Protein chains: 2
Amino acid sequence: MQLSNTSQYAIRMLAYMADKKDSPLINATELSEALHIPYKFLTKIMTELVKADLVVSVRGREGGYSLSKKASDIKVDDILNIFHDSIQDKQCVLGIGFCNGMCKCALHDQWMEPKILLQKMFRDSSLEDIAGKGCKI
Amino acid sequence: MQLSNTSQYAIRMLAYMADKKDSPLINATELSEALHIPYKFLTKIMTELVKADLVVSVRGREGGYSLSKKASDIKVDDILNIFHDSIQDKQCVLGIGFCNGMCKCALHDQWMEPKILLQKMFRDSSLEDIAGKGCKI
DNA sequence: TTCAATTACTACTCATAGGTAGAATTTATA
DNA sequence: TATAAATTCTACCTATGAGTAGTAATTGAA
């Protein structure tokens with residue numbers, strides 16, 4: 001019961017970038033060293049974030065990455081959606097495809113409250129909200 | 001952000017058994033057909049549940065499986081623990097090994113409440129609580 | 001123009017979850 | 001005792017997540 005490594009890395013990468021909003025561009029080497037994420041894997045993830053339009057990249061010397069919009073306009077849930085890690089409204093904790101009010105799984109009622117709280121956490125938290133909170137990792 | 005297939009299957013299998021507490025033994029064929037879980041995979045999971053002492057098995061003709069204790073004494077969290085799917089107290093939503101009060105991740109505060117609710121759901125729900133709830137799946 | 005620093009692309013390896021196959025073992029019943 | 005119905009064991013296969021390697025493409029600066 002946890003997020004994929006890819007999603008965890010992506011959130012940390014973007015939160016770091018939001019925190020350094022003064023720097024126009026941040027490169028992969030800095031991110032990799034600051035966050036202890038393998039360089040090659042980080043650039044692979046970043047390319048997906050660029051394709052998803054959360055990040056813009058500048059290639060070539062003096063290049064790097066920057067957020068494509070205001071940190072307050074990028075929610076954690078936007079990141080999870082890219083990597084299919086978001087919690088869907090109809091998602092069943094026991095993996096039953098047709099779990100709903102009519103035919104529900106054994107844990108349906110107990111799952112409601114934590115599910116809504118998780119969704120709220122992911123949907124309400126923007127990069128601005130979380131940037132600079134806690135330690136620089 | 002979801003439980004492993006194995007944990008989902010195991011919970012459904014044990015809930016089904018708790019629901020049929022009148023039958024002294026339930027065999028793998030019945031469980032496989034009732035729950036639409038691949039037979040061979042189901043027996044593999046069941047053998048792990050036997051080794052973990054949540055289930056007792058009777059081999060040979062007329063054999064099958066039964067819960068090793070009262071349904072009210074088996075919590076969903078006991079099942080998750082077998083498959084390393086339980087949520088640990090110190091588990092960080094961003095996968096930071098040393099996330100705590102002193103040096104916490106960017107989502108540490110937001111994660112607190114849903115984490116506690118998830119743990120509560122898993123730790124408080126016994127097989128007796130969930131057996132027979134919802135549809136027979 | 002050349003070079004070095006940067007991202008992007010392609011393809012691979014490795015580990016693990018999910019699932020399958022077949023034979024061995026056990027045991028009640030005919 | 002022989003058989004059939006059941007669990008268990010060993011070994012494998014497949015798909016996917018995680019991570020690596022090498023090269024191509026881009027571009028600012030010397």
Side-chain angles (χ1 to χ4, degrees), chain A residues 1-14 17 23-33 35-68 79-80 82-86 94-95 97, chain B residues 1-13 17 23-68 79-80 82-86 94-95 97:
Chain A
M1 194 68 172
Q2 58 182 355
L3 297 177
S4 64
N5 273 18
T6 306
S7 288
Q8 292 177 339
Y9 286 161
I11 295 168
R12 290 171 53 212
M13 286 154 55
L14 294 176
M17 290 169 68
S23 322
L25 287 177
I26 300 172
N27 66 44
T29 303
E30 173 180 349
L31 282 163
S32 169
E33 290 175 354
L35 303 176
H36 305 99
I37 298 172
Y39 175 84
K40 281 288 201 177
F41 193 35
L42 184 144
T43 60
K44 189 178 190 176
I45 294 169
M46 200 59 106
T47 299
E48 294 191 68
L49 295 175
V50 170
K51 284 180 180 158
D53 285 324
L54 258 52
V55 168
V56 290
S57 64
V58 175
R59 299 174 68 162
R61 186 161 178 170
E62 307 290 300
Y65 303 100
S66 66
L67 299 182
S68 69
I79 306 167
L80 299 189
I82 299 171
F83 306 105
H84 310 103
D85 241 343
S86 178
L94 296 187
Chain B
M1 192 68 172
Q2 57 181 357
L3 296 177
S4 65
N5 273 17
T6 305
S7 288
Q8 292 177 338
Y9 286 161
I11 294 168
R12 291 171 53 214
M13 286 154 55
M17 291 171 67
S23 322
L25 286 178
I26 300 172
N27 66 42
T29 303
E30 172 180 349
L31 282 164
S32 169
E33 291 174 355
L35 302 176
H36 305 99
I37 298 172
Y39 176 85
K40 281 288 198 177
F41 193 36
L42 184 144
T43 60
K44 189 179 189 174
I45 294 169
M46 200 60 105
T47 299
E48 292 192 69
L49 295 175
V50 170
K51 284 180 180 159
D53 285 324
L54 260 51
V55 168
V56 290
S57 65
V58 176
R59 299 175 68 161
R61 186 164 178 163
E62 306 291 302
Y65 303 99
S66 66
L67 299 182
S68 69
I79 306 167
L80 299 189
I82 298 171
F83 306 106
H84 309 103
D85 241 345
S86 177
L94 295 187

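As a basis for the values below, the full set of heavy atoms in this structure was taken, side chains included, without hydrogen atoms, waters or symmetry mates. These numbers were taken from a predicted model, which means no experiment stands behind them. Note on naming: letters A, B, ... go to the chains in the order of the sequence lines (proteins, then strands), and numbering restarts at 1 for each one.
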Atom pair distance, as rounded to whole Å: CG in B/Asn5 and P in D/dT14: 19 Å
Separation of atom CD in B/Gln8 from atom C1' in C/dA17, rounded to whole Å: 13 Å
Euclidean distance, atom CG of residue B/Leu31 to atom C1' of D/dA5 [Å, nearest integer]: 16 Å
Length of the line joining B/Gln2:CD and C/dA17:P, which is rounded to integer Å: 14 Å
Name every donor-acceptor pair, under 3.5 Å, that has one atom in a side chain of residues 2-10 of chain A and the other anywhere in the protein, sequence neighbours excluded.
from	atom 1	to	atom 2	distance (Å)
A/Ser4	OG	A/Ser7	N	3.2
A/Ser4	OG	A/Ser7	OG	3.3
A/Ser4	OG	A/Asp85	OD2	2.7
A/Ser7	OG	A/Asp85	OD2	2.8
A/Gln8	NE2	B/Val93	O	3.4

Nucleotide D/dT7, atom C1' - distance to CD1 of B/Ile45 in whole Å: 15 Å
Interatomic spacing from CD1 in B/Ile45 to CD1 in B/Ile79 - rounded to 0.5 Å: 11.5 Å
Nearest-angstrom distance from the residue atom CG of B/Leu25 to P of C/dT26: 18 Å
Base-contact (B) and sugar-phosphate-only (S) positions in nucleotides 5-16 of chain C, heavy-atom cut-off under 4.0 Å, - elsewhere: BBBBS-B-----
Nearest-angstrom distance from the residue atom CD of A/Glu48 to P of D/dG19: 13 Å
Salt bridge (charged side-chain N to carboxylate O under 4.0 Å, His left out) contacts in which one or both residues fall within residues 31-45 of chain B, not counting sequence neighbours: none
B/Ser86: side-chain hydrogen bond (donor to acceptor under 3.5 Å, both in side chains) partners, not counting sequence neighbours: B/Asp77
Residues forming a salt bridge (charged side-chain N to carboxylate O under 4.0 Å, His left out) with A/Glu62, sequence neighbours excluded: none
Results of salt bridge (charged side-chain N to carboxylate O under 4.0 Å, His left out) for A/Glu48 - residues two or more places apart only: none
Spacing of A/Phe83 atom CZ relative to D/dT16 atom P, expressed in whole Å: 17 Å
